[in-house]
Undergrad: 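The structure under discussion is supplied below as structure tokens; questions concerning it will follow.
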2 protein chains.
Amino acid sequence: MKTFLILAAAAAATPAPKPAPAPSEIVAAAPKGDWVAIAPADLLVMDLASGKRVVIQLMPPPFSQGWVGNIRKLAAARWWDGTSINRVQDNYVVQWGDADGEDKAKAKVVPGGLATVPESDYSIRPDKTQFKTLWSFRGSYAAGSFTNWGRNGSDFRDPYSNVVSFSGGFPVGLRTQLIDSSAQGAADFPLQAWPVHCYGMVGVGRDMPPDTGTGAELYTVIGHAPRHLDRNIALVGRVISGIEHLSSLPRGTGPLGFYEKPEERTGITSIRIGTEVQGLPRYEYLSTESASFAAYTDARANRRDAFFIQPAGGADICNIPVPVRMTK
Amino acid sequence: MKTFLILAAAAAATPAPKPAPAPSEIVAAAPKGDWVAIAPADLLVMDLASGKRVVIQLMPPPFSQGWVGNIRKLAAARWWDGTSINRVQDNYVVQWGDADGEDKAKAKVVPGGLATVPESDYSIRPDKTQFKTLWSFRGSYAAGSFTNWGRNGSDFRDPYSNVVSFSGGFPVGLRTQLIDSSAQGAADFPLQAWPVHCYGMVGVGRDMPPDTGTGAELYTVIGHAPRHLDRNIALVGRVISGIEHLSSLPRGTGPLGFYEKPEERTGITSIRIGTEVQGLPRYEYLSTESASFAAYTDARANRRDAFFIQPAGGADICNIPVPVRMTK
């Protein structure tokens, strides 16, 4: 007997009452129109000395654009070429950049220099057009008449925000206020919105506040979502390919998982914006405003495929990873 | 400038207004009486062919004791000696056991054999004495007059249960019912309780339901908490030392992260109950019913130490890892 843990999809069991599709099956069946192409200009491609490649999708507006602008300049200035991965802390982060710090980054990037981004940019105060977008996932989820949509007390109860949603393919936390409008009844309006620290998200290392970091030193999450970092550090993207080349690196034995010896570091050959990389595959994400994504979310929250006997009745925002695929 | 991301504890900054202690500082200051020794009889010690050691604390009663009993028998029968780690799926699990399956385990363990544990044992229906224990963390947290204690709408909103707590050092999910007792007013009583899939938890691989697995094939979580598995698979313990020797293994490239070639597997030299292992250190966990743990929980939910500018106001149960330490 070969025991397959979880998602034993290929098991040729008796095809009695057909179970509900697994989330992966919903994604596989999503129509072409539900996928959104990621522009090569929004990719950051990291080639490691090990020959492995990691691809990062940069954070779309309206979030963190000051830091993203710095990162574009740093890539253009070849800042990271010859730097290294310096820190691997188990169940936390992998961090890279110049092992001696980032002071040289400011000098290297001329003209224009790097922006100093204020702490207030860790989140946004959405205007009307923005909150429509922020809310659109919840709208499409509700339109799909799935269970328990709503404020807290819903499928997506969250200890770190009063509402979670998705925007432009990224998970977001929202601080909302219930406003009673006589025309439409009470509705939740986002007062503040921010990207959240899920597995694979990429953030900006910084010193003690009020420093906010430049973007020259980056990390990615390789463990349980450290959501306490939300609104405390800038998030500038997420790894969409090759995270296993970072998450499987040996853990550093120094404080905070820093490598104690220089030879333990993995070298970075280059980091480039996708438009500069020859032969890059095309990547697409499943629109977080699509009916397919709403169905996928419902299935993540209520597993009814054959392996499961107890649907959870809810899901953590970081346990609903946005599907990304590679195309020719 | 050396940029330290997160917890720049050693930074010799200006000691102006003293910030609140970090969770790690609260743990370091916990009195001896707040620590609970873990009996060697409740440890499972896995020695890898790489020379590395992984130590697992077995799940205490009242949870999963049928499978834990099987695991004790399997260790006594040397079942795992010469088996291997067969599956490493990124952001999910590392799984080990006999690469050819677990049928031989039943034959090997004689006399008495292995118990077949029913699916109903994925959770318990607590009796009065048990629910007092299940509730005790929440009680000590409330007694510390920390913020927002209570049912959902609290610091610990959870999409997978209506209340989360800790019991005997392990995180638990609860299904509760609000019962109005005239003597004491309305109170929440646990109807069902189960251990939850946080990082490092150890579970039992199984086939399709109604199979529940024997315990011969085990996995540990190496990514974001896959809480949809709660109440669908047995949890039998957690890794308390050496998880980095599992989480940093190369990811398998086959379906579900299984290794495609036998030579990719990491061998297991032996798995023993702690009482059979010479020179094992002593381990202790911070009592989840102690005042120190309540203060630690509050600090995890509301980071006010110097690095942070925005306390979250809440925490995910799996982002409150129970502190474990090694003593002489």
Side-chain angles (χ1 to χ4, degrees), chain A residues 1-8 10-11 13 90-91 93 95 101-103 119 152-153 155-160 198-199 205-209 213 217 219 223-232 243-244 247-251 255-256 300-301 303 306-310 312 314-316 318-319, chain B residues 1-8 10-11 13 90-91 93 95 101-103 119 152-153 155-160 198-199 205-209 213 217 219 223-232 243-244 247-251 255-256 300-301 303 306-310 312 314-316 318-319:
Chain A
M1 183 184 72
K2 178 87 178 158
T3 302
F4 282 102
L5 163 69
I6 308 155
L7 291 173
D90 196 65
N91 191 19
V93 296
Q95 186 172 338
E102 61 179 42
D103 277 355
E119 290 175 332
N152 283 318
D155 282 357
F156 308 112
R157 286 184 293 268
D158 183 55
Y160 298 95
C198 296
Y199 191 91
R206 65 161 169 86
D207 271 328
M208 297 300 265
E217 189 149 346
Y219 66 90
H224 189 74
R227 297 277 309 277
H228 51 289
L229 301 177
D230 295 356
R231 294 186 284 173
N232 283 290
I243 192 157
E244 66 275 20
S247 56
S248 66
L249 290 172
R251 278 46 182 158
L256 309 175
R300 292 289 301 178
R303 295 295 294 262
F307 188 80
F308 289 83
I309 62 168
Q310 174 68 60
D316 166 5
C318 289
N319 204 8
Chain B
M1 182 183 73
K2 179 86 177 158
T3 302
F4 283 101
L5 162 71
I6 309 156
L7 292 172
D90 196 65
N91 190 20
V93 296
Q95 187 172 336
E102 60 179 44
D103 277 353
E119 290 176 333
N152 282 318
D155 282 358
F156 307 112
R157 285 184 295 267
D158 183 55
Y160 298 95
C198 296
Y199 191 92
R206 65 161 168 87
D207 271 329
M208 297 300 265
E217 189 149 346
Y219 65 89
H224 188 74
R227 297 278 309 279
H228 51 288
L229 301 176
D230 295 357
R231 294 185 284 172
N232 283 290
I243 192 157
E244 66 275 17
S247 57
S248 66
L249 289 171
R251 278 47 182 157
L256 308 177
R300 291 289 301 178
R303 296 294 295 262
F307 188 80
F308 289 82
I309 62 168
Q310 173 69 60
D316 166 5
C318 289
N319 203 9

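Below, read A as the first sequence line, B as the second, and so on, with proteins coming before strands; counting in each chain starts at 1.
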Undergrad: Give, as side chain, backbone, both or neither, the part of B/Ile309 having an atom under 4.5 angstrom from any heavy atom of chain A.
TA: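 Both parts, heavy atoms under 4.5 Å.
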
Undergrad: Considering only heavy atoms and a distance below 4.5 Å, find which of B/Arg231, B/Arg227, B/Gln310, B/Glu119 pairs most often with chain A.
TA: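 Looking at each of B/Arg231, B/Arg227, B/Gln310, B/Glu119 in turn, B/Gln310 comes out on top.
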
Undergrad: Taking all non-hydrogen atoms of both residues into account, name the closest pair between B/Gly314 and A/Tyr160 and its distance.
TA: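 Scanning both residues completely, I find the closest heavy atoms to be O-CE2, 3.3 Å.
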
Undergrad: Within this structure, what is the CD1-CZ distance for the pair A/Ile243 and B/Arg251, rounded to the nearest 0.5 Å?
TA: 9.0 Å

Undergrad: Nearest 0.5 Å, what's the CG-NE2 distance between A/Asn91 and B/His224?
TA: 10.5 Å

Undergrad: Can you tell me how far CZ of A/Arg157 sits from CZ of B/Arg157, rounded to the nearest 0.5 angstrom?
TA: 10.0 Å

Undergrad: I'd like to verify something: which residue of B/Gly213, B/Ala315, B/Cys198, B/Pro250 has the highest number of heavy-atom pairs under 4.5 Å with chain A?
TA: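 The option with the most such pairs is B/Ala315.
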
Undergrad: Of all of A/Pro226, A/Ser248, A/Gly223, which one pairs up most often with chain B through heavy atoms under 4.5 Å apart?
TA: A/Ser248

Undergrad: When you measure from the side chain of B/Asn232 to the backbone N and O of A/Phe308, does any donor-acceptor pair fall under 3.5 Å?
TA: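 Checking the backbone N and O of A/Phe308 against the side chain of B/Asn232, no donor-acceptor pair under 3.5 Å is found.
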
Undergrad: Starting at CG of B/Leu229, measure out to CZ of A/Phe307 and round the result to the nearest 0.5 Å.
TA: 7.0 Å

Undergrad: Can you give me the closest heavy-atom contact between A/Asp90 and B/Ser247, atom names plus distance?
TA: OD1-OG, 2.5 Å

Undergrad: Kindly compute the distance separating SG (A/Cys318) from CG (B/Asp316), expressed to the nearest 0.5 Å.
TA: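 With rounding to 0.5 Å, SG (A/Cys318) is 8.5 Å from CG (B/Asp316).
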
